[in-house]
There are 2 protein chains.
Amino acid sequence: MEQVKRLRADGRRNRERIVEVAAELVAREGAQVSLEEIARRAGVGSATLHRHFPSRQALLEVVFRDGVAQLCAKAAAQPGKAPAAELADWLEEATVYTATHRGLAAALLAGPEGLSAEELCCTDMVLNVLKVLVERASAVGALQAGATAEDLMMLANAIAVANENDPHTARRVLRLALTGIRR
Amino acid sequence: MEQVKRLRADGRRNRERIVEVAAELVAREGAQVSLEEIARRAGVGSATLHRHFPSRQALLEVVFRDGVAQLCAKAAAQPGKAPAAELADWLEEATVYTATHRGLAAALLAGPEGLSAEELCCTDMVLNVLKVLVERASAVGALQAGATAEDLMMLANAIAVANENDPHTARRVLRLALTGIRR
DNA sequence: TTAAATACGGAGGGGTCCCCCGTTTGTCAA
DNA sequence: TTGACAAACGGGGGACCCCTCCGTATTTAA
């Protein structure tokens with residue numbers, strides 16, 4: 001907020017336009033879209049893009065931030081569910097969300113790699129949510145020993161990257177993993 | 001074999017040299033190493049590399065073929081193990097193998113994408129092995145309903161990509177998924 | 001209104017992938 | 001052995017990408 005105010009009007013407009021275009025392109029072509037292409041379609045020079053977003057990861061982060069934040073918010077508002085179900089349901093939802101948003105899975109897996117470090121990145125948001133849920137589920141003994149929040153996030157993201165655009169399969173396999181593949 | 005005989009002597013040598021160098025480079029830098037760099041170090045022009053391997057995937061395929069074949073062979077020779085253990089153990093071994101060989105996981109996940117289609121690719125080899133193991137385990141009811149060979153391969157590979165160079169974590173998480181994360 | 005601060009974007013260096021095509025090299029038949 | 005032909009080579013170039021420099025244009029605040 002206070003950061004935004006410091007931007008000149010044109011800067012602010014360009015920045016927004018870039019994110020907007022990037023969201024669209026990334027959704028359509030995946031996380032490795034050409035940054036030049038994004039700049040071109042946003043009607044700015046590539047230098048401008050790079051000035052606003054020093055790394056591809058930084059741009060992706062901003063592109064996905066809102067959606068992820070919204071997703072995270074949902075974790076809090078689950079009325080009187082059992083901790084295990086709470087965790088499982090949210091993880092499932094997160095996986096589906098990630099699998100249906102091209103590029104997000106890759107971005108999450110990459111973590112805060114090459115980021116300004118200051119800001120709370122998507123990875124951290126998700127991780128924080130999971131830590132709480134894992135804690136709760138653990139407390140009632142509903143979790144396999146040794147399963148950490150990091151593990152779960154990694155697993156969910158891994159499944160999502162492997163199934164970009166196939167949320168159905170992603171969800172199914174995640175469920176399998178949660179309930180166990182052996183019998 | 002009959003294909004190889006058709007190659008001229010120098011062609012054969014170059015081809016081998018390229019694969020050799022590629023194996024080394026991919027192991028050290030991952031699946032996205034520069035093809036030009038490979039060509040350079042192999043002492044051939046980039047055109048030569050592209051003539052031998054029309055796509056990056058084709059090259060990776062050859063780089064990994066032997067190792068994967070060997071891995072697959074191990075699946076057959078398991079003396080009187082229970083089907084469930086047979087499957088679990090092999091999958092674990094495969095995951096560790098994949099996670100310790102940079103670039104392999106990505107190549108396996110990509111599947112036969114852009115390949116000559118004729119030859120048996122690594123993905124197919126693994127899949128064939130898994131189909132047998134899954135069948136056996138299924139027959140004795142040791143597998144969760146709905147778990148397919150494709151699912152298992154995808155899961156194992158997904159975990160491996162997410163943990164390139166960290167086979168320890170990869171194995172741990174795979175085990176969690178096999179036995180179930182909820183309790 | 002104007003000077004300082006800020007943001008812009010063309011251009012270019014260094015890289016990659018991939019292919020064309022003139023040249024070299026291996027092969028095999030005579 | 002030799003020569004002609006097929007096979008393989010690789011320099012070079014086009015198209016693209018990332019990223020940065022730096023002269024220019026715009027905004028802002030005085």
Side-chain angles (χ1 to χ4, degrees), chain A residues 1-22 24-26 28-63 102-103 106-107 110 113-116, chain B residues 1-22 24-26 28-63 102-103 106-107 110 113-116:
Chain A
M1 199 62 93
E2 70 291 3
Q3 176 97 345
V4 171
K5 258 289 162 269
R6 296 218 125 81
L7 273 181
R8 240 168 55 173
D10 53 348
R12 189 163 147 54
R13 245 176 317 157
N14 279 336
R15 190 174 212 276
E16 275 169 8
R17 180 106 189 86
I18 290 171
V19 172
E20 197 176 318
V21 170
E24 188 184 316
L25 273 268
V26 167
R28 188 175 338 133
E29 325 217 349
Q32 2 53 349
V33 216
S34 157
L35 298 180
E36 301 236 307
E37 174 79 3
I38 293 175
R40 231 173 286 136
R41 298 218 194 187
V44 305
S46 60
T48 296
L49 187 148
H50 285 286
R51 207 172 318 107
H52 282 292
F53 307 98
S55 72
R56 169 188 244 73
Q57 189 67 11
L59 174 54
L60 290 178
E61 198 67 31
V62 175
V63 164
R102 294 200 71 179
E113 207 76 7
L115 247 59
S116 36
Chain B
M1 197 64 91
E2 69 291 2
Q3 176 97 345
V4 172
K5 255 297 162 261
R6 294 216 126 82
L7 273 181
R8 240 170 54 173
D10 53 347
R12 190 162 148 53
R13 244 176 320 157
N14 278 337
R15 191 173 211 276
E16 276 169 7
R17 180 106 188 86
I18 290 170
V19 172
E20 197 176 318
V21 170
E24 188 184 317
L25 273 270
V26 168
R28 189 176 337 133
E29 325 217 350
Q32 1 55 344
V33 215
S34 158
L35 297 181
E36 301 241 308
E37 173 79 2
I38 294 175
R40 231 173 286 135
R41 297 220 194 186
V44 305
S46 60
T48 296
L49 187 149
H50 284 287
R51 208 171 319 107
H52 282 293
F53 307 98
S55 72
R56 169 187 243 85
Q57 189 67 8
L59 175 54
L60 290 178
E61 197 67 30
V62 174
V63 164
R102 294 198 70 179
E113 206 77 9
L115 248 58
S116 37

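Excluded from the calculations below are hydrogen atoms, water molecules and symmetry mates; all remaining heavy atoms, backbone and side chain alike, are included. All chains are named by letter (A, B, ...) in the order of the sequence lines, taking the proteins before the strands, and each is independently numbered beginning at 1.
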Heavy-atom donor-acceptor pair, E36(A) side-chain to dC19(D) base, under 3.5 Å: yes
What is the distance from [atom1] of [X] to [atom2] of [N], rounded to the nearest Å?
X	N	atom1	atom2	result
L7(B)	dC28(C)	CG	P	13 Å
Q32(A)	dC16(D)	CD	C1'	15 Å
E16(B)	dA8(D)	CD	C1'	15 Å
I18(B)	dC9(D)	CD1	C1'	11 Å
D10(A)	dT24(D)	CG	C1'	13 Å
R40(B)	dC9(D)	CZ	P	18 Å
E29(A)	dC16(D)	CD	P	14 Å
R8(A)	dA5(C)	CZ	C1'	8 Å

With respect to the phosphate group of dT25(C), does any side-chain polar atom (N or O) of R12(B) fall under 4.0 Å of OP1 or OP2? no
Looking at N14(A), does any N or O in its side chain come under 4.0 Å of the phosphate oxygens OP1/OP2 on dC8(C)?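 Yes, such a contact exists.
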Could you work out which one of dT27(C), dT27(D), dC18(D) sits closest to the side chain of R13(A)? dT27(D)
Please determine whether a side-chain nitrogen of the Lys or Arg among R13(B) and E16(B) lies less than 4.0 Å from a carboxylate oxygen of the Asp or Glu.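 No.
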Which is true for R15(B) with a 4.0 Å heavy-atom rule: it touches a base, it touches only sugar-phosphate, or it touches nothing? nothing
Looking at V33(A), is its backbone amide N or carbonyl O close enough to the side chain of R56(A) to form a donor-acceptor pair, meaning the two atoms are under 3.5 Å apart?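 Yes, the answer is positive, given that a donor and an acceptor are paired below the 3.5 Å cut-off.
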Hey, which sits more toward the 5' end of DNA chain C by its nearest nucleotide, L35(B) or A9(B)? L35(B)
Can you establish whether the number of heavy atoms outside E113(A) located under 6.0 Å from its atom CD is more than 12? no
Heavy-atom nearest pair, A106(A) first then A31(A), reads CB-CB, 4.5 Å
Strictly below 4.0 Å, heavy-atom distances to any atom of DNA chain C: list the hits from residues 41-56 of chain A, or just say none. G43(A), V44(A), G45(A), S46(A), A47(A), T48(A), R51(A), H52(A)
Euclidean distance, R102(A) CZ relative to Q32(A) CD, rounded to 0.5 Å: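 Interatomic distance, Q32(A) CD to R102(A) CZ, rounded to 0.5 Å: 6.5 Å.
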Going by side-chain contact (heavy atoms from CB on, under 4.5 Å), I38(B) matches just one of L59(B), V44(B), V19(B). Which one?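 Testing each of L59(B), V44(B), V19(B) against I38(B), the sole residue satisfying side-chain contact (heavy atoms from CB on, under 4.5 Å) is L59(B).
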Min side-chain heavy-atom separation R12(B)-R15(B) under 4.5 Å: no
